Amino acid sequence: MYSDNGKISVRQLQILLILDILGVSVIVLPRYNALGLGSMGFLLAIGGGLFALVSVFLMCSLSSFLNAYGFFGGVSRLTGKPLSRLISAGLVVKLCYSLGSDLRIFSEAAKLWLLPETSLVIISAITLLPRLYGAAKGYEARARLGEIAVFTVLIPLALVYIPLLFKIDYSSLNMNISADKNIYIKGSLYNCLMFNGLEFLMLSFPYLKKPYNVKSAAVSAVIFAVFVVALVSFAAINLLGTDLAAELDFPGVEAMDVSVVSKGKGAILMSFFYLSVVMFAIGSIFFSGELLRDITGLNPKLGRCLAALFGFALSLIPRNMTELSKVTLCFNLFFGGAYFFVIPVILNLLLRFKREEYEEYDE
């Protein structure tokens, strides 16, 4: 295996973006979408994809600038170091919370189907260790692992959910889409904010070997990932029924009960869910360490350990999945909205305002 000095290709960035978005989305969003729009809940995933594309366009407009200076350096040049430290620290908090949330969701799922007698603390701790090791290997290693993991993720999903489409009674579908437009807007925005990994775009630009055609590559990756999330939502909701899908914590997995592989659903869950979440967690720990170095001068290795411990502690705080969902909703509305939309818009405006100073990076 040859090293590219910590750099990754645009194709590898696409793969990582797909894996990050799919990690938790395919597991938890079918329930939320069933609550919001019933049998047509998959439309909320599509709406979330539209919001995500707006975020991608905003971030990719900064690609050349951030490729040259990095996230912390670029923000410092546009806003000054004190504000850059605050923005970067907030991003560390977001990454650590998302790490803890994903870790708790995976631990709950593993306890439900694979390790019912094992405590969440032990499951979370065991799950966290390889992620910390992966982060220590650097971003290029994460990209190479993603090239392998993507097949382990997508093949089981295709083998399970495509056959399930033929088991749906389409004649009984309720095609009513006359719900309040606020449901579409709020539900779509929530779907977008649950697409973990979008913020990695702003952090990944300095690690690209050739920061060209990033926008088209990121857009195609988001469209593909959203298509998969919408497919899983549609299949899970309409196979289980709206009421049951809205009641279960993980309807995306429970839908496997009506497939020919239902007896192996625990192993299938592990194959795609574990790898997707691991890939996101490695990125969260790695970037948190890098940001902490930029903010405080802390050794990146120590920063990664602190981020992993913080995420681990956060994963144990919620008492149950209901409480986790409520906290995550509030957290994502503030931090997700800030780093998916507000901050990219502000950075783009500042870059345009300082057009002469950074003319070659103004896209």
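Computed from a predicted model, the values in this text were never measured in an experiment. All values below come from the heavy atoms of this structure, side chains included, with hydrogens, waters and symmetry mates left out. Positions are given from 1 along the sequence.
A side-chain donor-acceptor contact under 3.5 Å links Asn348 to the backbone of Leu58. Within the 3.5 Å criterion, the main-chain N or O of Phe340 finds a donor-acceptor partner in the side chain of Ser55. Side chain of Arg31 to backbone of Leu248: a donor-acceptor contact under 3.5 angstrom is found. Side-chain N or O atoms of Asn196 include none that pairs as donor or acceptor with a backbone N or O of Asp20 at under 3.5 Å. The closest donor-acceptor contact from the side chain of Asn238 to the backbone of Phe234 lies under 3.5 Å. Within the 3.5 Å criterion, the main-chain N or O of Arg85 finds no donor-acceptor partner in the side chain of Ser88. Ser288 contributes no side-chain N or O that, together with a main-chain N or O of Ile285, makes up a donor-acceptor pair within less than 3.5 Å. Checking side-chain atoms of Lys111 against main-chain N and O of Pro116 turns up a donor-acceptor pair under 3.5 Å.
The environment of NZ in Lys81 is sparse: at most 12 heavy-atom neighbours from other residues, nucleotides or ligands sit within 6.0 Å.
Across all their heavy atoms, Gly41 and Ile237 have their closest contact at CA-CD1, 4.1 Å. A pairwise comparison of heavy atoms in Val229 and Ser25 identifies CG2-CB, 3.8 Å as the closest pair. The two residues Val232 and Pro30 have their closest heavy-atom pair at CG1-CG, 4.2 Å. The shortest non-hydrogen separation linking Pro251 to Leu240 is O-CD1, 3.6 Å. Counting all heavy atoms, side chain and backbone alike, Ala45 lies closest to Val226 at O-CG1, 3.4 Å. Nearest approach of Ala246 to Ala34, heavy atoms of both residues: N-CB, 3.9 Å.
The CD1 atom of Ile185 sits 5.5 Å away from atom CG of Asn182, with the distance rounded to the nearest 0.5 Å. Rounded to the nearest 0.5 angstrom, Cys305 SG and Leu292 CG are separated by 11.5 Å. A distance of 6.0 Å separates CG in Leu17 from CG in Leu198, rounded to the nearest 0.5 Å. Taken to the nearest 0.5 Å, the NZ atom of Lys94 stands 12.5 Å off from the CG atom of Leu291. Leu239 CG to Leu244 CG: the interatomic distance, rounded to the nearest 0.5 Å, is 11.0 Å. Considering CG of Leu154 and CG of Leu22, their distance stands at 6.5 Å, rounded to 0.5 Å.
In this structure, Leu91 and Phe287 have side chains that are not in contact, with every pair of non-hydrogen atoms separated by 4.5 Å or more. Contact check for Arg77 versus Ser84: no side-chain heavy atoms found under the 4.5 Å cut-off. With contacts defined as side-chain heavy-atom distances shorter than 4.5 Å, the pair Glu199/Leu95 qualifies. Looking only at side-chain heavy atoms (C-beta outward), Ile346 and Leu349 stay at 4.5 Å or farther from each other. Under the 4.5 Å side-chain criterion, counting only non-hydrogen atoms from C-beta, Ile105 is in contact with Met321. With contacts defined as side-chain heavy-atom distances shorter than 4.5 Å, the pair Phe195/Phe51 does not qualify. Using a 4.5 Å heavy-atom threshold, the side chains of Ser220 and Gln14 count as touching. A heavy-atom distance below 4.5 Å is not found between the side chains of Phe42 and Leu29.
For Tyr139, the side-chain hydrogen bond (donor to acceptor under 3.5 Å, both in side chains) test picks out Arg142, Ser204, with sequence neighbours left out. Listed by chain and residue number, Arg11, Gln12 satisfy the side-chain hydrogen bond (donor to acceptor under 3.5 Å, both in side chains) test with Glu147 (two or more places apart in sequence, or in another chain).
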Test Tyr69 against Leu78 for side-chain contact (heavy atoms from CB on, under 4.5 Å), laying out the working first. CA-CA 11 Å; Tyr69 297 114; Leu78 294 175; over 6 Å; no

Take Leu201 and Leu13 through the test side-chain contact (heavy atoms from CB on, under 4.5 Å) and record every step on the way to the result. CA-CA 8 Å; Leu201 270 178; Leu13 180 66; 4.0 Å; yes

Between Ser101 and Leu324, does the side-chain contact (heavy atoms from CB on, under 4.5 Å) criterion hold? Intermediate values first, please. CA-CA 8 Å; Ser101 175; Leu324 176 65; 4.2 Å; yes

Residue pair Met194, Thr328: steps toward the side-chain contact (heavy atoms from CB on, under 4.5 Å) verdict: CA-CA 9 Å; Met194 284 296 292; Thr328 299; 4.0 Å; yes

Begin with the C-alpha distance, continue with both residues' side-chain angles, and end with the deciding distance and a verdict on salt bridge (Lys or Arg N to Asp or Glu O under 4.0 Å) for Arg293 and Glu290. CA-CA 5 Å; Arg293 177 199 61 194; Glu290 298 301 297; 3.0 Å; yes

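Val278 is not connected to Ile122 by any chain of hydrophobic side-chain contacts under 4.5 Å among Ile, Leu, Val, Met, Phe, Trp and Tyr, and they are in different clusters. Note on Ile18 and Ile223: same hydrophobic cluster, where clusters join Ile, Leu, Val, Met, Phe, Trp and Tyr whose side-chain heavy atoms are under 4.5 Å apart, directly or indirectly. Transitive grouping of hydrophobic side chains (ILVMFWY, heavy atoms separated by less than 4.5 Å) brings Ile282 and Phe151 into a common cluster. Under the 4.5 Å side-chain contact rule for hydrophobic residues, Val342 and Phe57 share a cluster. Grouping the Ile, Leu, Val, Met, Phe, Trp and Tyr side chains by contacts below 4.5 angstrom, directly or via other members, places Val327 apart from Leu120.
Within the structure, ring-ring contact (aromatic ring centres under 6.0 Å, His included) contacts touching residues 70-101 (residues at least two apart or in different chains) are Tyr97-Phe331.
Taking the six-membered ring wherever Trp is involved, the centroid distance between the rings of Phe280 and Phe200 falls below 6.0 Å. Aromatic rings of Tyr207 and Phe286 (six-membered ring for Trp) have centroids within the 6.0 Å cut-off, being under it.
Residue Asn33 is tested with Ser39, Ser188, Ser233 for a side chain to side chain donor-acceptor pair (under 3.5 Å); the sole match is Ser233.
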